[in-house]
Every structure is written in C-alpha cells, then in structure tokens.
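These notes are about the structure you will find just below.
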Amino acid sequence: MPGVPTLPIELIIQILNILDYKGLLKCRQICKQWDLLIQGDTSLIYKVHLAVNGMEDSNSSSMNVVERLRTLKEHGDDWGKLRFTQDEIVDMNTPANCVWELQGGVLTQARDERTLVFTQIPSQLRHIQKRTWTLDNLDVVVADYCIDPSQDLLVIAGERADGSAPANIHLRTLSSGDTHPRASNVILAYGHDYIGHSHNIRISGDHVAICWSGKLLSIWNWKSGVLQMALKGHHLTFAFLSDDHVLIPRYHETRVDLIAINFRLASSTLTAVDDIEYDCAFGLPPVNPHSQDINVSMRYGPAVPNASRLAPFHISQEDFLLVVYLTGVTSRWRVGLDRFMIPASTLLRHLEALPSHTDDRFRIDWDEWGPTGCQVSPLCPGYSNIWIRNVYGTRFVELEDKNTDESGCIRLFFADFNQVAARKGTVEGQPLQTAVHITEAVSSDLFQGPVTTSLPFRSRTCTLSSKTEERYEGVMVSEDAIVLVRYTRNFRTQFRILSI
C-alpha cells in the first residue's frame with residue numbers, strides 16, 4: 001500500500017491501537033492510505049467515534065467491538081436528533097419542596113426527612129434496566145444530600161431532630177444506606193460554625209465539597225476524612241475544575257474574576273476569599289461601573305458515569321461544561337442576567353501552561369481566554385433557578401418557555417459543547433439536525449461594551465407535545481435522558497422522563 005510502511009498490516013494496527021484518538025486523527029491526515037487503513041479497522045474507528053460522541057469505553061460489557069460501534073453511532077444519532085425511545089411519567093408522590101438529586105442516571109427525591117427514593121433511568125439502547133429502590137428509616141434526619149452512583153456513594157447533610165442546625169455529614173452507600181466501607185471516618189465534622197440552612201454539595205472523585213448559604217465552603221477527602229480547605233466569603237459558589245483545583249468567583253468594584261485554587265495545597269484553617277492563595281484568576285468582561293449587586297452562580301455536570309456494568313460505554317470524563325450565570329442590577333434598574341458557557345478544557349489549558357514551582361499569582365484578562373474559549377448568551381425565558389441539573393458532561397438543556405405554545409407543545413433548547421464533535425462539524429459540514437454556532441455578540445447593560453465570543457458548539461431546538469395543560473417548571477439532562485419537571489395541582493412533583 002503506497003504511503004504505508006512496509007510492515008505487516010496486523011502489526012501496524014497493533015501499533016495504532018496504542019494511540020489515543022488525537023494520535024489517530026493526526027495519522028488520518030498523513031495521507032489517504034493512512035486514512036483508509038484506520039477507517040477500515042473497527043477497533044480504531046470505534047476509538048475515534050468515542051471521542052466524537054464524548055464517551056469512554058466501559059471495558060466491562062459483553063458486546064464485541066462491532067456491536068459497540070453500532071450502538072455508539074445510534075446513541076450519538078439519537079442525541080443529535082433528540083430522538084427518544086421511551087417517554088414515561090414518574091410521580092414521586094412527595095411535596096414539591098422536598099430535596100432531590102439527579103446524577104449518573106439516578107433520579108432521587110426525599111419522601112420524608114428519613115426516606116430517600118431512587119429511580120435508575122433506563123436506556124433501551126445501552127441495555128440499562130429501570131430500577132427503583134428505597135432507603136427508609138435512616139438513622140439521620142436528611143437536610144440535603146448528593147450521590148455518586150459510580151462509587152456507590154451517598155453524602156447526607158444531617159440535621160438535628162429539632163431542625164435547629166445540621167449535625168454532621170454522613171457517608172453512606174447508595175445501594176443500602178449502610179456506612180461506606182471506603183470511608184475512614186463515616187461522619188465528617190464541620191469544624192467551623194454552621195451558617196444557614198442552604199446547601200450546595202458536590203462530589204469529585206475522592207473529594208466532597210459543601211457550601212452553606214454562599215458563605216462557607218469546605219472540601220474534604222471523604223475517604224481519609226481530612227479537611228483540605230475551608231473558605232469564607234459572600235456570594236460564594238464553586239465548581240470542581242479538576243482533581244486538584246476548584247473554581248470560585250472573586251468580586252472587585254468593576255471586575256469579576258474566576259479564581260482557580262489548588263485545594264490540595266490549601267489550608268484547613270478558615271480563610272477569607274480575599275486572602276486565599278490561588279494559581280490563576282480568569283477575568284470576565286469589564287463590568288459596567290453603574291451595575292450593582294453583582295453575583296455569580298455556577299452550574300456544571302461532572303461526568304459521573306452510570307454504575308451499570310452492562311453499558312458498553314459511558315460519558316467521558318475528559319471534559320465538561322461549566323455554565324456561569326452573572327446577575328446584577330443595571331443602571332436602568334433592571335436585573336441583568338447573562339450566561340457564560342465554558343468548557344473546563346478552556347481553563348485547564350491555561351492552567352497547565354503556567355510556570356511551575358512559583359508562588360506568583362497569575363491573572364489572565366478576558367481578551368486572552370474568553371472570546372475564543374467560551375460562548376456568552378442571554379437566557380431563555382424558561383430559565384429555572386431551582387431545577388439546576390440542566391448541565392451534564394458537555395451537554396446543556398433549557399426550556400425556551402415554561403408555557404406551552406398554541407398547539408399545546410413545549411420547546412427545548414439543547415446544546416453540546418463537545419469540542420471534538422464541534423470542530424469536526426465546522427470542517428466536514430454538520431448534519432441537518434444540528435447547527436454549528438461560531439460567532440455571537442451579546443450587548444448587556446452589565447458590561448462596559450458588547451461581548452463577542454466564537455467557541456463552536458452544536459445545538460438543536462426540539463418541540464414536544466406537553467401531555468398536560470399545566471406548564472413545566474424546568475428541564476434536566478443526564479447520560480441517556482432529558483427529564484422535564486412540573487408541579488401538579490395537588491402540589492406534588494412529577495417527572496417526565498424521555499430516554500434513549
């Protein structure tokens with residue numbers, strides 16, 4: 001074969017199998033013969049398609065590689081067309097204000113203060129069966145909680161029986177509610193005065209973080225029980241950026257920065273945000289000096305894979321989308337609200353390029369990272385500040401409007417910021433069911449001037465019959481499903497699960 005080294009094809013394939021998808025894509029560009037060689041081997045092209053679809057191989061399914069590739073293509077095509085095979089209504093029979101969670105394909109809600117009900121969302125395509133189970137008569141009053149199905153982990157913020165204040169953080173198994181066997185200390189003590197009754201709990205590998213009422217943030221290694229960072233401030237919010245870094249906002253008079261902190265090197269002594277050591281500050285666009293009460297909130301969907309061993313592939317943990325909402329009162333006394341869609345890889349790429357072995361604090365201005373590294377857009381009217389699990393991996397979904405249209409349908413806006421797929425679309429042309437967005441300019445009273453961004457992403461608007469005359473309150477997204485949320489007339493929470 002011209003252009004291909006004179007080695008046995010079998011040996012060349014073995015060598016190519018060592019490469020990751022980036023290496024394979026580079027090899028495909030060498031010449032037509034190399035491209036044909038790679039495309040002709042199912043195992044190699046499967047590795048490329050995994051990256052294009054934002055997935056990783058599970059290494060546990062009984063499917064052969066031909067079946068996995070076929071299933072993967074179907075899965076990607078179904079998401080591209082928002083084509084769902086199952087449409088189910090689940091009534092959780094709980095008050096609308098009970099705590100809830102959606103992670104790793106598991107939807108859960110508290111039935112009462114000592115009972116949690118779990119639903120494993122099915123996927124016909126990935127051979128995941130629907131399963132429900134209940135943890136009742138828990139020996140702790142549940143104030144809030146977070147789950148990680150891939151680690152069989154349930155993190156409970158406990159509350160005293162009189163409701164006066166949470167007692168501790170309890171580490172349990174998701175499957176049985178027993179104390180978690182991998183936790184050295186099955187109860188994590190706060191270590192600082194408790195502030196408020198509002199919680200934001202997130203799990204990232206060996207670490208768990210909890211933010212109370214936007215005033216106190218603590219991060220533990222949940223396996224060792226060691227408190228690694230304690231931070232105090234106002235309007236605190238956070239996102240795990242990597243295994244080492246957490247991202248938080250820091251406010252100035254006319255400037256807002258997102259600062260990346262290496263929490264493994266931080267102090268467990270309670271520290272103010274203005275005094276914390278950080279690796280890098282990422283500047284947002286200059287704020288209009290007439291804007292007041294600037295506040296940042298963050299949403300992100302870490303790629304927590306489904307725990308099912310039957311699934312041939314699962315969501316990739318290489319990248320995820322971070323959505324930063326910026327609010328404030330403008331000079332016209334209107335509330336401004338804009339969202340920044342930022343792939344974690346954008347920020348990590350700059351972090352990795354910083355000089356090592358230095359105590360300097362670095363700041364990267366907006367013009368150096370933002371215009372080509374994210375997308376800024378105004379919110380849809382269907383924005384919800386309650387049903388916040390509308391980001392998962394690199395996917396994002398939002399209601400265009402909470403009310404049905406004249407035909408009794410609802411409209412969903414869906415976007416995928418997987419950069420491998422987006423850049424592939426800009427080069428090869430995108431299927432009709434999706435669109436690649438390149439440049440968007442947003443004028444906002446919050447900023448000193450228009451904000452222009454050009455990060456490519458794929459999007460689609462989907463119209464669904466509502467199945468009810470009542471409006472929907474929010475929409476969430478998971479590995480295989482979109483979950484619509486509404487409150488019934490008897491003040492119950494109802495989920496409509498559309499799965500692939």
Side-chain angles (χ1 to χ4, degrees), residues 101-104 106 143-158 166 168-174 179-192 194 199-212 214-233 236-249 258-271 273 276-280 298-305 307 315-322 344-345 347-348 351-352 388-389 391-393:
E101 184 58 280
L102 175 64
Q103 283 290 347
V106 176
D144 206 344
Y145 59 92
C146 189
I147 63 174
D148 183 346
S150 67
Q151 301 189 86
D152 192 26
L153 178 60
L154 168 64
V155 178
I156 300 175
N168 284 301
I169 295 175
H170 302 257
L171 305 174
R172 304 297 178 89
T173 60
L174 187 63
T179 56
H180 204 288
R182 282 181 281 177
S184 299
N185 301 321
V186 295
I187 297 178
L188 302 177
Y190 291 126
H192 304 287
Y194 171 71
H199 312 81
N200 178 14
I201 311 172
R202 301 311 294 261
I203 302 167
S204 177
D206 294 349
H207 296 90
V208 60
I210 181 167
C211 185
W212 291 274
K215 297 178 181 179
L216 175 66
L217 171 64
S218 299
I219 299 178
W220 290 267
N221 182 310
W222 68 266
K223 292 182 178 178
S224 67
V226 174
L227 178 64
Q228 297 203 290
M229 189 180 83
L231 200 60
K232 63 180 179 179
L236 264 180
T237 185
F238 74 97
F240 278 113
L241 191 58
S242 68
D243 292 337
D244 303 307
H245 288 86
V246 65
L247 197 71
I248 67 166
L258 304 176
I259 61 173
I261 304 167
N262 189 328
F263 58 83
R264 292 178 186 263
L265 302 179
S267 171
S268 60
T269 302
L270 190 60
T271 307
V273 170
I276 193 72
E277 295 291 332
Y278 62 86
D279 288 349
C280 186
M298 297 183 188
R299 299 184 190 178
Y300 70 110
V304 177
I315 195 80
S316 173
Q317 301 184 60
E318 183 168 325
D319 200 4
F320 62 88
L321 179 66
L322 173 66
S345 56
L347 305 182
L348 291 172
L351 270 178
E352 292 167 358
I388 60 175
R389 296 292 186 255
V391 188
Y392 187 74

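In this structure, Asn200 contributes its side chain and Cys211 its backbone to no donor-acceptor pair below 3.5 Å. Within the 3.5 Å criterion, the main-chain N or O of Ser204 finds no donor-acceptor partner in the side chain of Asp148.
Within the cation-pi definition used here (under 6.0 Å to the ring centroid, within 45° of the axis), Arg172 does not qualify as a partner of Tyr145.
To the nearest 0.5 angstrom, Ser267 atom OG is 10.5 Å from Met229 atom CE. Here the straight-line distance linking atom CG of Asp144 with atom CD of Glu101 works out to 8.0 Å at 0.5 Å rounding. Summarising the geometry, atom CG belonging to Leu322 is positioned 12.0 Å from atom CZ belonging to Arg299; distances are rounded to the nearest 0.5 Å. Atom-to-atom distance recorded for Phe263:CZ and Ile276:CD1 is 12.5 Å, nearest 0.5 angstrom. With values rounded to the nearest 0.5 angstrom, Cys146 atom SG is found 4.0 Å from Ile203 atom CD1. To the nearest 0.5 Å, the span separating CG on Leu102 from CD1 on Ile147 amounts to 7.5 Å.
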Step-by-step side chain to side chain contact (heavy atoms under 4.5 Å, CB included) determination, Arg389 to Gln103: CA-CA 8 Å; Arg389 296 292 186 255; Gln103 283 290 347; 3.7 Å; yes

Criterion side chain to side chain contact (heavy atoms under 4.5 Å, CB included) on His199 and Trp212, from CA distance to verdict: CA-CA 5 Å; His199 312 81; Trp212 291 274; 3.7 Å; yes

Test log, rule side chain to side chain contact (heavy atoms under 4.5 Å, CB included), inputs Val246 and Leu231: CA-CA 12 Å; Val246 65; Leu231 200 60; over 6 Å; no

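Here the closest heavy-atom approach between residue Tyr300 and residue Phe238 is recorded as CE2-O, 4.0 Å. Nearest approach of Gly301 to Arg202, heavy atoms of both residues: CA-NH2, 4.4 Å. Shortest non-hydrogen contact noted between Pro149 and Leu174 is CA-CD2, 3.7 Å. Nearest heavy atoms, Gly225 versus Asn185: CA-ND2, 3.8 Å. The shortest heavy-atom contact between Val273 and Gly233 is CG2-CA, 4.1 Å.
With Leu188 as reference, Val208 is the one residue of Val208, Asn221, Ile210, Leu227 to meet the side chain to side chain contact (heavy atoms under 4.5 Å, CB included) rule. A side chain to side chain contact (heavy atoms under 4.5 Å, CB included) with Ile248 is found for exactly one of Leu217, Thr237, Leu258, namely Leu217. Among Leu241, Asp243, Leu247, the one residue that satisfies the side chain to side chain contact (heavy atoms under 4.5 Å, CB included) test with His245 is Leu241.
Residues His207 and Trp222 have side chains not in contact (no heavy-atom distance under 4.5 Å, counting atoms from C-beta outward). Contact check for Ile169 versus Ile201: no side-chain heavy atoms found under the 4.5 Å cut-off. Using a 4.5 Å heavy-atom cutoff, the side chains of Leu216 and Leu236 are not in contact.
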